[in-house]
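What follows is a set of notes on a single structure, which appears directly below.
Per chain, numbering begins at 1; letters A, B, ... match sequence-line order. From a predicted model like this one, the values you see are computed outputs, not experimental measurements.
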Amino acid sequence: MADASFCPDCKRSTEVVLDHSAGDMVCLECGLVLEAHSIDETSEWRTFANESSENDPVRVGGPSNPLLTDGGLSTVIAKPNGAQGDFLSSSLGRWQTRGSNPDRSLILAFRTIANMADRLGLVATIKDRANEIYKKVEDLKSIRGRNQDAILAACLYIACRQEDRPRTVKEICSVANGATKKEIGRAKEYIVKQLEVEMGQSMEMGTIHAGDFLRRFCSHLGMSNQAVKAAQEAVQKSEELDIRRSPISIAAAVIYMITQLSEEKKPLRDISLATGVAEGTIRNSYKDLYPYASRIIPASFAKEEDLKNLCSP
Amino acid sequence: MQIGSEQVWLHMAQYNLEGCQSVDLAEHPSGIVPTLQNIVSTVNLGCKLDLKIIALQARNAEYNPKVCTGAKSEEQSKLAARKYARVVQKVGFQAQFMDFKVQNVVASCDVKFPIRLERLALHHNAFCSFEPEIFPGLIYRMKDPKIVLLIFVSGKIVLTGAKSRDQIKRGFEQIYPVVLEYRKVPQIGNEGKDSRDPVPRQLT
């Protein structure tokens, strides 16, 4: 409580005490008030360790977003609970939309990306990267007329690829709002080209491999650990072969082969649903893969006789 | 034939000329000659045309802005252009034959061995775009000559965006050694990738 400070009356350094009730700093020797109404900057309320950390009263507002112009400090008037009619037509609504928030479209886009990311169960890193990519593209202004949904979906797709957790275009399609595979593909090419022009050669996105998706497809189907490992080995070996099919189709065909060899056989329909590959395509890829079955399936998983049991396509 | 007000666009149809004559190795060191598939050219007739009248009066004419017909070689393209100019003349317009220019030449060929597209895309990252989900072929954008090549796993290559037959030839001769490096060697009972990893080279 006692500090040392220079007292003008005593003309020397004296002990000073802080009186909290009035916020005064008082010299102990002569009683002179050195500073009145000093603002107490300690916490206003007590927080305990075992209380719910959902609403930490020490913190106000959400995390600051460096992508928005002022870190997202602006205030939004929320729609009141139990409000009748359309918020936008009421006076409060009009005042809210009239405000010149330069980031309005950006915030809307971020919200859409967040929606899509949540539906796919993506982590915050991928979502943030997608937001960054969108901001960079948005700055270029040349996407004005383009299909906004496709651009957002493509940003998410690129973010997944850059984080080495690729998602198939079909998966992105499933959560994108009406964008087709073709549109997303075109948007992706466009964005990559624009960003390469802007920032030099920094778009390092490797080609997709069947193995990247295998783990996820297998867990959707509920395959056993052994089967998953066998499938991963099989896919590794299949890359040596000369099979001219999309990597996703190869992954689906390998899963089909592995499940046919194990006890829990999955029907084509389930595999088709989990991977997004059509049943006919899986059958055709299986036909291409069948001659090499002995080479790609690891010996630890299935012996030669089991392979003979494998149905011929 | 597409007729705009002054310019005429000619797309000429494809035909397959299987190279039965022997290949001059001085001209084509790779031993393979790309076959031309499509040629697009423009010519300026030098007068305003009324499209409705031409469509009604000339034979073999459809007034359908999206229609294209096709061409085989540059000489045939020019010949066809002259023929169409004649047709337009007969209808009654004062057509001239100015600024005949070939705009685009498309060719295809086969190197006859499978190619490792992924490795090629990895090493020539700056020029290649390979998305097997979107399109099964690798898109190689060559800077000099400025053409686009579609390279497929089977070994078939499509060259487009060239303004002349010479550009096609040069482009193909440049890509042939690159594609040779990434040839897929069929492994029979031999696990593991081939140890010889091609060193990335800069192409102009």
More than 12 heavy atoms of other residues, nucleotides or ligands under 6.0 Å from CD of A:E163: is that the case?
yes

Taking atom CZ of A:R165 as the centre, report whether more than 12 heavy atoms of other residues, nucleotides or ligands fall under 6.0 Å from it.
no

Checking A:E189 against B:F135 for the side chain to side chain contact (heavy atoms under 4.5 Å, CB included) test, could you report, in this order, the C-alpha distance in whole Å, the side-chain angles of both residues, the deciding distance, and whether it holds?
CA-CA 12 Å; A:E189 291 290 313; B:F135 184 64; over 6 Å; no

Which pair of heavy atoms, one from B:P132 and one from A:I208, lies closest together, and at what distance?
CG-CG1, 3.9 Å

When every non-hydrogen atom of B:E133 is compared with those of A:V169, the smallest separation belongs to OE2-N, 2.9 Å

How long is the straight-line distance from CG of B:N125 back to CE of A:M205, given to the nearest 0.5 Å?
9.0 Å

All heavy atoms of A:T207 vs all of B:E118, minimum pair found to be OG1-CG, 3.3 Å

I'd like to know if A:R161 pairs up with B:E131 as an ion pair, taking the criterion as any Lys NZ or Arg NE/NH1/NH2 lying under 4.0 Å from an Asp or Glu carboxylate oxygen.
yes

Of the listed A:K181, A:R186, A:K188, A:K182, the one with the largest count of heavy-atom pairs under 4.5 Å with chain B is A:K188

Check whether B:S154 gets within reach of chain A through its side chain, its backbone, both or neither, counting any heavy atom under 4.5 Å.
both

Is B:K184 atom NZ crowded by more than 12 heavy atoms from other residues, nucleotides or ligands, each under 6.0 Å away?
yes

Could you measure the distance from the CZ atom of B:R116 to the CD atom of A:E239? Nearest 0.5 Å is fine.
9.0 Å

Could you check whether atom CZ of A:R215 has more than 12 heavy atoms from other residues, nucleotides or ligands sitting under 6.0 Å from it?
no

Proximity breakdown for A:S249 and chain B, heavy-atom pairs closer than 4.5 Å
neither

